[in-house]
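Note sheet for the following structure.
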Amino acid sequence: MADIATISTAIATALAAALCPDGTASGAVTGRPLIIRRGELTQADQGNAAHTLQQGCDFIGITDLPESWTRLDEPLGRPWRLDSQTPATTSISVTGTTATVSVAGGAVPSGTVGLRVGGLPGVTGTACGLHVAVAGDTAASIAATLAASLPGATAVGASLTGPAGCTVQAINAGTQAARCVARRQSQMFVITAWSALPEARDVLGQAISDALALTDWLTDARGSTFRIEARATTNDDTAMNRGLFSRPARYLVTFDTDLTRAAPAMLAGGIGMGAGMVAGDVLLSPPSG
């Protein structure tokens with residue numbers, strides 16, 4: 001989900017990559033040391049830190065303007081849409097009436113596992129239990145969850161067993177991220193260049209403008225993409241008596257507040273095809289038991 005914090009960080013990261021190809025410690029394309037970060041200039045930056053304006057270090061700060069916030073129309077009904085797919089690291093296999101859950105060694109649990117069980121006491125037709133694996137799951141906890149959803153099933157460790165006489169089929173599938181736009185808005189962000197010399201301020205301000213001139217979209221660390229559009233840029237010499245020159249540049253950012261949920265990349269239904277094969281929304285293993 002995009003947020004003003006992740007957007008500011010994404011802008012700072014993009015500027016660092018464009019203006020400091022060898023890293024900020026090695027200096028910027030302006031030929032001067034440069035610090036890029038969220039927030040305003042601090043008192044320490046003006047004389048009480050290792051890198052200061054007076055020592056020839058330039059600064060870029062990224063801030064947001066709350067009064068510029070505007071809500072925009074989001075998709076009607078806030079529909080959920082499928083996004084990227086995550087390969088399964090969790091699987092389940094069946095022998096007779098016993099199913100065993102396994103998680104790939106060293107991997108974060110992911111994927112969808114489940115069972116279709118026929119002949120359960122008190123259940124007409126076939127019952128189905130599904131579990132979408134998440135971080136923190138173990139083979140034993142998944143087996144216990146599935147057993148709890150199937151009448152008469154018991155779990156011991158990573159295995160669960162159905163009652164005598166039942167038929168068991170395994171369900172294995174990956175998961176997809178389902179995304180919903182909960183809110184859409186625009187807000188002004190200010191990218192300010194600070195320097196101790198007006199000419200250095202001008203060079204840095206031009207470098208910022210050039211770095212973002214062909215950039216219409218950026219993606220934050222959470223995978224949310226937002227639109228960034230250049231607006232007014234001004235010079236600010238009001239603090240020149242303190243040896244401080246700045247150039248604030250305003251950029252209008254349009255971003256979504258979106259929610260993400262893991263969804264199984266299948267359903268639990270199916271139709272018989274003969275020879276023990278079952279297909280439909282998902283391919284199942286042949287019945288056992």
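Leu197 places none of its side-chain heavy atoms less than 4.5 Å from the side chain of Phe245. At least one side-chain heavy atom of Asp3 sits less than 4.5 Å from a side-chain heavy atom of Arg222.
When each of Arg81, Arg184, Arg179 is checked for a salt bridge (charged side-chain N to carboxylate O under 4.0 Å, His left out) with Asp258, only Arg179 meets the rule. Exactly one of Asp237, Asp58, Thr30 qualifies for a side chain to side chain donor-acceptor pair (under 3.5 Å) with Arg201. That residue is Asp237.
With hydrogens and angles disregarded, a donor-acceptor distance shorter than 3.5 Å links the side chain of Thr89 to the backbone of Ser110. Although no hydrogens or angles enter the test, the distance criterion places a donor-acceptor pair under 3.5 Å between the side chain of Arg78 and the main chain of Ala182. Between the side chain of Ser8 and the backbone N or O of Ala5 there is no donor-acceptor pair closer than 3.5 Å. At least one donor-acceptor pair closer than 3.5 Å links the side chain of Gln185 to the backbone N or O of Phe255. Counting only distance, with no hydrogens or angles, the side chain of Thr95 and the backbone of Thr98 share no donor-acceptor pair below 3.5 Å.
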Problem - Check against side chain to side chain donor-acceptor pair (under 3.5 Å), Asp210 and Gln206 - result: CA-CA 6 Å; Asp210 291 346; Gln206 185 63 56; 2.9 Å; yes
Practice task
Check the pair Thr254, Arg227 against side chain to side chain donor-acceptor pair (under 3.5 Å), reporting the backbone distance first and the verdict last.
Solution key: CA-CA 5 Å; Thr254 302; Arg227 183 175 177 84; 6.0 Å; no
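Summarising the geometry of Gln187 relative to Pro66, their closest heavy-atom pair is NE2-CA, 3.8 Å, with the distance given to 0.1 Å.
Between Ile92 atom CD1 and Thr112 atom OG1 the span is 12.0 Å, to the nearest 0.5 Å.
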